[in-house]
K.L.:
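One structure, pasted below without further comment.
Computed from a predicted structure; not experimentally measured. Within every chain, numbering begins at 1; the chains are lettered A, B, ... in the order of the sequence lines, protein sequences first and strands thereafter.
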There are 2 protein chains.
Amino acid sequence: MAKRTGLSEDAVAQRALALIDADGIEGLSMRKLAAELGVSTMTLYSYFPDRAALLDGVAQAIYAQIDAPEDAGGPRETLRVLMRGVRRVLLAHPHALPLIAEYPPRTLAALAFINAGFRALRRAGVGPRDTARAYRALAAYSLGTAQVEINGYFRAGEGPAAGRPESEESSVEVGRILPYLAEVGPLLGELDDAGEFDYGLDLTLDGFMGRHAT
Amino acid sequence: MAKRTGLSEDAVAQRALALIDADGIEGLSMRKLAAELGVSTMTLYSYFPDRAALLDGVAQAIYAQIDAPEDAGGPRETLRVLMRGVRRVLLAHPHALPLIAEYPPRTLAALAFINAGFRALRRAGVGPRDTARAYRALAAYSLGTAQVEINGYFRAGEGPAAGRPESEESSVEVGRILPYLAEVGPLLGELDDAGEFDYGLDLTLDGFMGRHAT
DNA sequence: ACCTGAACACCGTTCAAGT
DNA sequence: ACCTGAACACCGTTCAAGT
């Protein structure tokens, strides 16, 4: 690509990620990013055809941060380690999460952690198709968990954890219409995020291992 | 709020949702929405303080479409029906999914389906805390599933389902570096979305029921 | 009191020009 | 060949003015 600037696609994507971490996706403009890198705005277009391609590149850079663990202690433990790593990396870049949801892993470095997940199941004797099915369920759960954690679905006093709609009806009224929400909702906010992630992961793994008794 | 226009917050949000369904979130501008509604751009600001509040309103309108099923056939079946309904509504508005991820349910109508989920578990004798924990895991899984389905994570030939990085390395090279991806990835694209959603849901429910043998 | 047009401070991207 | 400034066609939101 560009020759004189001394930049690379990855260098541009990394700087874009830093700006997103600081100011959010809306805070990243082609103009600001170019200024940070000391080039003209239009020079960015020699690395990425448009802003969407740049954002895809940022997503790939994040995926590449996820560890691909070696097998140790059986597939169940390897998958637990892998998915905890997924969660950790996603939580490290909360403003970038919409990009993870939108752009699937695509580059070699971005796909390495998935290869590790498949390997753990295949080596344990799980067939290719059941490996795909189990991985799919675990990946959806891990991505969904990052979403609800980052966006405060279950944070005390917000969303369903409030146990009542925001400033619309009186709490008394709500307790009558949505009594189970009023009772259980506030408990959502008291749960420990990391512990609950493991809990849900274990539920799925329990279910899977129950069907593939080894 | 505004008196002369004959509009309401909900009417504005519903029209915004229709525009998003057609053109995506980026395709929704305050100017275009106002023109659709036959009012000046600034009139919208008497219903919502800014664009973010409008998008939150769109999310609430979507949550309100999710059915809150009565108990029938036990908690397991009720939760299955509930979560299938969540998936169905989210898939009906693919362009709006980022709003669901960003804005948790907040209004009375938007929270009704959660009350139904809590009710199914509480009536089955599950304690308030375990109800919160189980619901959290199921909600994260259902949201994550909608994300990966809509964004083609597992669609044949895209993302990990391609089994190879996009136009970077030769397939031969990749089969050597990420052999499990090359073997299992393509199978992801052959799975049936609705069936796989039920599969992952059942894994979690199996795990949960195994711990709460009734 | 209620609504609005013009203006402000931004965007992403096209394109013709500069070296 | 490689890079860029100006221009184009948009944005969300502020604000002073109109009825």
K.L.:
Only one of B/Arg80, B/Arg87, B/Arg76, B/Arg84 clears salt bridge (Lys or Arg N to Asp or Glu O under 4.0 Å) with B/Asp198; which?
P.N.:
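Result: among B/Arg80, B/Arg87, B/Arg76, B/Arg84, B/Arg84 is the only option passing the salt bridge (Lys or Arg N to Asp or Glu O under 4.0 Å) with B/Asp198.
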K.L.:
Does any residue of residues 11-32 of chain A have a heavy atom under 4.0 Å from DNA chain D, and if so, which ones, in number order?
P.N.:
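Those residues are A/Arg31.
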K.L.:
Is a donor on one side and an acceptor on the other found under 3.5 Å between the side chain of B/Arg51 and the backbone of B/Leu28?
P.N.:
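Checking the backbone N and O of B/Leu28 against the side chain of B/Arg51, a donor-acceptor pair under 3.5 Å is found.
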K.L.:
Looking at B/Asn115 and A/Tyr180, would you say the former's side chain and the latter's main chain have a donor-acceptor pair under 3.5 Å?
P.N.:
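Yes, the answer is positive, given that a donor and an acceptor are paired below the 3.5 Å cut-off.
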K.L.:
Would a distance-only check, ignoring hydrogens and angles, find a side-chain to backbone donor-acceptor pair under 3.5 Å from A/Asp56 to A/Tyr103?
P.N.:
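Checking the backbone N and O of A/Tyr103 against the side chain of A/Asp56, no donor-acceptor pair under 3.5 Å is found.
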K.L.:
For salt bridge (charged side-chain N to carboxylate O under 4.0 Å, His left out), just list the numbers for A/Arg136 and B/Glu196, CA-CA rounded to whole Å, side-chain angles, deciding distance to a tenth of an Å, and then say yes or no.
P.N.:
CA-CA 8 Å; A/Arg136 185 187 156 114; B/Glu196 291 312 308; 5.1 Å; no
K.L.:
Tell me the interatomic distance from B/Leu37, atom CG, to C/dT4, atom P, rounded to whole angstroms.
P.N.:
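Those two atoms, CG and P, are 12 Å apart.
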K.L.:
In whole Å, what is the span from the CZ atom of B/Phe48 to the P atom of D/dT13?
P.N.:
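It works out to 13 Å between those atoms.
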K.L.:
Whether A/Glu183 and B/Arg119 form a salt bridge (side-chain N of Lys/Arg under 4.0 Å from carboxylate O of Asp/Glu) is what I want to check.
P.N.:
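Here B/Arg119 does not pair with A/Glu183 in a salt bridge, since their nearest N and O are not under 4.0 Å apart.
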K.L.:
Choosing from D/dG5, C/dC3, C/dT13, which nucleotide comes nearest the side chain of B/Thr43?
P.N.:
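Among the listed nucleotides, the one closest to the side chain of B/Thr43 is C/dC3.
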K.L.:
Take N1-N3 plus N6-O4 or O6-N4 for Watson-Crick, N1-O2 plus O6-N3 for G-U, both under 3.5 Å. Which runs of 3 or more such pairs involve DNA chain D?
P.N.:
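Output for stems: C:4-8 with D:12-16, C:12-16 with D:4-8.
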K.L.:
Check whether any side-chain heavy atom of A/Thr145 sits under 4.5 Å from a side-chain heavy atom of A/Ser142, and report yes or no.
P.N.:
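No, their side chains stay 4.5 Å or more apart.
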K.L.:
Among C/dG5, D/dG12, C/dT14, which nucleotide has an atom closest to any side-chain atom of A/Met42?
P.N.:
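Side chain of A/Met42 sits closest to C/dT14.
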K.L.:
Rounded to whole Å, please give me the gap between CG in A/Asp50 and C1' in D/dC10.
P.N.:
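In whole Å, D/dC10 C1' and A/Asp50 CG are 16 Å from each other.
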K.L.:
Evaluate the side-chain proximity of A/Leu54 to A/Leu44: yes if any heavy-atom separation is below 4.5 Å, no if none is.
P.N.:
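The answer is no, as the side chains (C-beta and beyond) never meet within the 4.5 Å cut-off.
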K.L.:
Please report the distance, rounded to the nearest Å, between CG in B/Leu44 and P in D/dT13.
P.N.:
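Whole-Å distance recorded here is 11 Å.
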K.L.:
Please report the distance, rounded to the nearest Å, between CG in A/Leu33 and P in C/dT13.
P.N.:
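My rounded result for the distance is 13 Å.
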K.L.:
Partners of B/Ala110 by side chain to side chain contact (heavy atoms under 4.5 Å, CB included), sequence neighbours excluded?
P.N.:
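Side chain to side chain contact (heavy atoms under 4.5 Å, CB included) list for B/Ala110, sorted by chain: B/Gln60, B/Tyr63, B/Pro105, B/Thr107.
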K.L.:
In terms of side-chain heavy atoms of B/Thr41, which of D/dT14, D/dA6, D/dT13 is nearest?
P.N.:
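Shortest atom-to-atom distance from the side chain points to D/dT13.
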K.L.:
Could you check how far OH of A/Tyr45 sits from P of C/dA16, rounded to whole Å?
P.N.:
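So the two atoms are 17 Å apart, to the nearest Å.
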